[in-house]
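Working notes, structure below.
Basis for what follows: all heavy atoms, side chains included, without hydrogens, waters or symmetry-related copies. Per chain, numbering begins at 1; letters A, B, ... match sequence-line order.
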Amino acid sequence: MRTSQYILATLKETPADAEIISHQLMLRAGMIRRVASGLYTWLPSGLRVLRKVEAIVREEMDKAGAIEMLMPVIQPADLWQESGRWDQFGDELVRFNDRHNRPFALGPTHEEVITDFVRKEINSYKQLPLTLYQVQTKVRDERRPRFGVMRAREFTMKDAYSFHLSDDCLNNTYEIMHKAYCNIFERLNLDYRPVLADTGSIGGSLSHEFHVLAESGEDAIAFSDASDYAANIEKAEALAPNEERPAPSKELKAFPTPDAKTISELKKHYGVKPHRGVKTLIVYGTADENGERGLVALVIRGDHELNELKAQNHPLVHSPLEMAPESEIVAAIGAKPGSIGPVGLSMPIIVDRTANIMADFVAGANKDDEHYSGINWERDVAQYQVSDLRNIVEGDPSPCGQGTLQIKRGVEVGHIFQLGTKYSEAMKAGVLSESGKNQVMTMGCYGIGVSRIVAAAIEQNNDQYGIKWPKPIAPFDLAIVPMNMHKSHRIPDIANNLYDGLKAAGLDVLFDDRKERPGVMFNDMELLGVPYTLVIGERNLDENKVELKNRHTGEKLMLDLDTAVETIKAAVSS
RNA sequence: CGGCGAUUAGCGCAGUUUGGUAGCGCACUUGGUUUGGGUCCAAGGGGUCGCAGGUUCAAAUCCUGCAUCGCCGACCA
């Protein structure tokens, strides 16, 4: 490709609304342009990277025995009604009616369509197991699109679905896909981790997320420093510390706290250390037979954070989790949030495991501007339950029993689930078994955010000059940058010959034939992140040499003109 | 969807307080100059100041409403 016949579209200045580095660099390097919030046009350079990521994903899927097909973005509502998700999915599902006023949705995922396909086409156990995949545009009306293509409303996803007769068989395919995912991220040269995950709204039993590690990641993930254990922080179990609760040594005593509504104010004005107090959060409980939702108190240590997922998974707590409004709290307790505590509270109380081993602690007195000190479980609070409610923190013991937990941030680029029979049962997808009876299939599903990987790769590979693409997904393998070609007699021929030779050798070459100054070309190629730049200048041609610069190491190699193509080919494919 | 902020040329911004016929840098066009790290000079093109309504002799500027975009929180590849 010659830059004179290409859309390089690089920008010197960073558009103001791009917050994270990958979004800024994708705009500046001419990879994407925003059309509307969460909707992007992919320019030639961006599309090249996207296609290379897709190609690697396809190769590994094919290698794992999955078969590619393509399903429509537009899906009829009746399939979604059949699975029950038409009502569940909410506003993230884009819905519309066609000219005959029939309802449709734009596919945010394809479980319904694939299950419909398989139930019609697959009739016999002999055809199982079966794994099908596609690379397709997904549409989700995100509450808040952000970070460019990282969280877009339209994005490219590879989604695969597997069908089985037994859980063992599903397990087997799940392991194969897990391995295929690892292969993909290895080949992409990304620092990634598979972690245990919550199964969330898609449902099912076992699930792993694949995270690319990056400071800007929206998820926190926890690792053991002594084993392979890794989990999304929302999933990681917080064990009770391995210690007994001390015996009470203090009397329950109320003290005035007019200046303290929060844990930090309690510390600031009254010297109460956060880990010596508890927070009491009032949330809605599960509805009774009349549909009435009562209130439930959740108690965690002052320096800990509530894990909402754990809370709403508790049988007494309404899901999704909802904090009670101040008015209801005042009506039920007679005190405002900020002075709430477990002593004398007449509602179900759920206490975090770690809070449960505290003694002589501080909490609100359920009376405005008053707290108790010297609170002790059982003695002062008789009725309560103990559960895991909090986010783990760095240094907690690992749930696997080995080592302590460390926390890093990650971008979720893949997610695999064992779905079980959630969709196949709802949609009556079965085959004839060996004994001639109809049997519902069990399913797995496996997603990779292809367009998100592009952004995540940049988060991990950039410097002050721009992007530093991992070789397998760079838009070009190398750039040819001739110095002042239009003023030279010999450079045009040499540059053109090298360009043809490198193309013939199977490389993606960007030949910068613009009438620009060298600095402009160097800067553009570095911004775009091309792994190698071949510099052709009069200076070195006098000795029959050209210069090869490595974007990652900064290393410069002098090459003999005669053998340059072979040397470059070897370097690029190393 | 709740809280905060923004909207003036393709991009980055000034001008708004105190109303008076819209400006700077980059990019773009033309000519010259320069040429191993975003040259320099000159000339030029490009804006219903987000939209609608109001106040006023006069609105980018004041008032009201709406829209769009972004950030922080609850969901996901």
Side-chain angles (χ1 to χ4, degrees), chain A residues 9-20 23-24 27-28 30 33-39 53 57 89-93 108-110 135-160 181 197-202 207 209-212 218-219 232 234 306 308-309 312 320-323 325 410-417 445-456 465-466 481-488 491 515-527 533 535-541 547 549 556:
Chain A
T10 52
L11 303 174
K12 275 190 193 174
E13 278 166 311
T14 304
D17 52 10
E19 191 72 10
I20 61 169
H23 188 195
Q24 294 172 358
L27 290 164
R28 287 192 54 211
R33 290 291 184 261
R34 191 178 64 78
V35 175
S37 178
L39 300 173
V53 175
V57 170
F89 222 89
D91 291 336
E92 210 164 293
L93 185 66
T109 174
H110 280 73
V135 177
Q136 174 63 296
T137 299
K138 298 286 189 264
V139 180
R140 295 184 190 174
D141 194 358
E142 286 281 345
R143 282 206 190 91
R144 182 151 87 84
R146 68 191 115 156
F147 304 149
V149 300
M150 196 75 96
R151 178 175 298 278
R153 289 195 287 181
E154 190 182 297
F155 57 97
T156 303
M157 179 167 163
K158 184 285 301 175
D159 46 326
Y181 272 43
D198 187 70
T199 46
S201 60
I202 296 189
S207 174
E209 291 167 351
F210 287 76
H211 285 263
V212 168
E218 293 188 76
D219 289 278
N232 193 305
E234 61 184 17
L306 180 71
E308 305 199 358
L309 195 71
Q312 73 190 24
L321 187 78
E322 217 179 312
M323 304 291 281
V411 177
E412 185 189 349
V413 289
H415 202 161
I416 59 178
F417 300 82
C445 87
Y446 317 89
I448 286 187
V450 176
S451 43
R452 183 179 277 183
I453 283 176
V454 176
Y465 304 109
V481 175
M483 302 286 97
N484 305 308
M485 180 164 69
H486 62 285
K487 289 188 69 179
S488 162
I491 291 178
K515 197 174 159 183
E516 282 289 356
R517 294 167 59 86
V520 173
M521 300 195 202
F522 287 137
N523 281 314
D524 275 347
M525 293 311 121
E526 280 157 17
L527 176 58
T533 301
V535 185
I536 306 173
E538 291 285 348
R539 215 167 63 186
N540 294 319
L541 283 181
E547 181 185 308
K549 278 205 318 190
K556 296 177 183 176

Distance in angstrom units between [X] [atom1] and [N] [atom2], rounded:
X	N	atom1	atom2	answer
A:Leu541	B:G36	CG	C1'	12 Å
A:Leu27	B:C69	CG	P	15 Å
A:Glu234	B:C75	CD	C1'	10 Å
A:Glu92	B:A77	CD	C1'	11 Å
A:Glu142	B:A74	CD	P	14 Å
A:Arg151	B:G70	CZ	P	13 Å
A:Lys158	B:C76	NZ	P	19 Å

Which one, [options], comes nearest to the side chain of [X]?
X	options	value
A:Asn540	B:C69, B:C71, B:G36	B:G36
A:Val535	B:G36, B:C76, B:C69	B:G36
A:Glu547	B:C76, B:C69, B:G36	B:G36
A:Val520	B:C69, B:C71, B:U39	B:U39

What distance, rounded to whole Å, do you find between the two [atom1] atoms, one in [N] and one in [M]?
N	M	atom1	result
B:G20	B:C4	P	31 Å
B:A22	B:C26	P	23 Å
B:C51	B:C69	C1'	14 Å
B:U18	B:C1	P	36 Å
B:U61	B:G45	C1'	28 Å
B:G10	B:U34	C1'	27 Å
B:C28	B:C71	P	29 Å
B:A59	B:G3	P	34 Å

Checking all strands, does [X] fall into the base, sugar-phosphate, or nothing category for heavy-atom contacts under 4.0 angstrom?
X	result
A:Ala9	nothing
A:Arg33	nothing
A:Asp524	base
A:Gly537	base
A:Glu209	nothing

Toward the 5' end of RNA chain B, which comes first, A:Phe155 or A:Tyr465, by nearest nucleotide?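 First, find each residue's nearest nucleotide; the 5'-ward one identifies A:Tyr465.
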**Asked** Mapping A:Met483 and A:Glu412 onto RNA chain B by nearest heavy atom, which one lands closer to the 5' end?
**Response**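 That would be A:Met483.
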Each nucleotide N or O in nucleotides 43-45 of chain B that has a protein N or O under 3.5 Å away: list the pair and distance.
none

Partners meeting salt bridge (charged side-chain N to carboxylate O under 4.0 Å, His left out) with [X] (sequence neighbours left out):
X	answer
A:Arg517	none
A:Asp91	none
A:Glu526	A:Lys549

Contacts of type ring-ring contact (aromatic ring centres under 6.0 Å, His included), residue A:Tyr446, not counting sequence neighbours
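With sequence neighbours excluded, A:Tyr446 shows a ring-ring contact (aromatic ring centres under 6.0 Å, His included) to no residue whatsoever.
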Pair partner, [N] [Watson-Crick or wobble, under 3.5 Å]:
N	answer
B:G36	none
B:G65	B:C51
B:G2	B:C72
B:C57	B:G20
B:C28	B:G44

Residues that [X] engages under side chain to side chain donor-acceptor pair (under 3.5 Å), provided they are two or more places apart:
X	value
A:Thr10	A:Asp524
A:Glu218	A:Arg146, A:Arg151
A:Glu92	none
A:Glu412	A:His415

Taking the side chain as every heavy atom from C-beta outward, state whether A:Ile448 and A:Ile453 have any pair of such atoms under 4.5 Å apart.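 The answer is yes, as the side chains (C-beta and beyond) meet within the 4.5 Å cut-off.
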Restricting both atoms to N or O, compile the protein contacts to nucleotides 50-52 of chain B shorter than 3.5 Å, with distance only.
none

Are OP1 or OP2 of B:A27 and a side-chain N or O of A:Lys12 less than 4.0 angstrom apart?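 Yes, such a contact exists.
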Pairs under 3.5 Å (N/O, protein and nucleotides 1-11 of chain B):
residue, atom, partner, partner atom, Å
B:C11, O2, A:Glu13, OE1, 3.3

Report each atom pair, protein N/O against N/O of nucleotides 28-35 of chain B, whose distance is under 3.5 angstrom.
residue, atom, partner, partner atom, Å
B:U34, O2, A:Arg517, NH1, 2.7
B:U35, O2', A:Asn484, OD1, 3.1
B:U35, O2', A:Asn484, ND2, 2.2
B:U35, O2, A:Asn484, OD1, 2.5

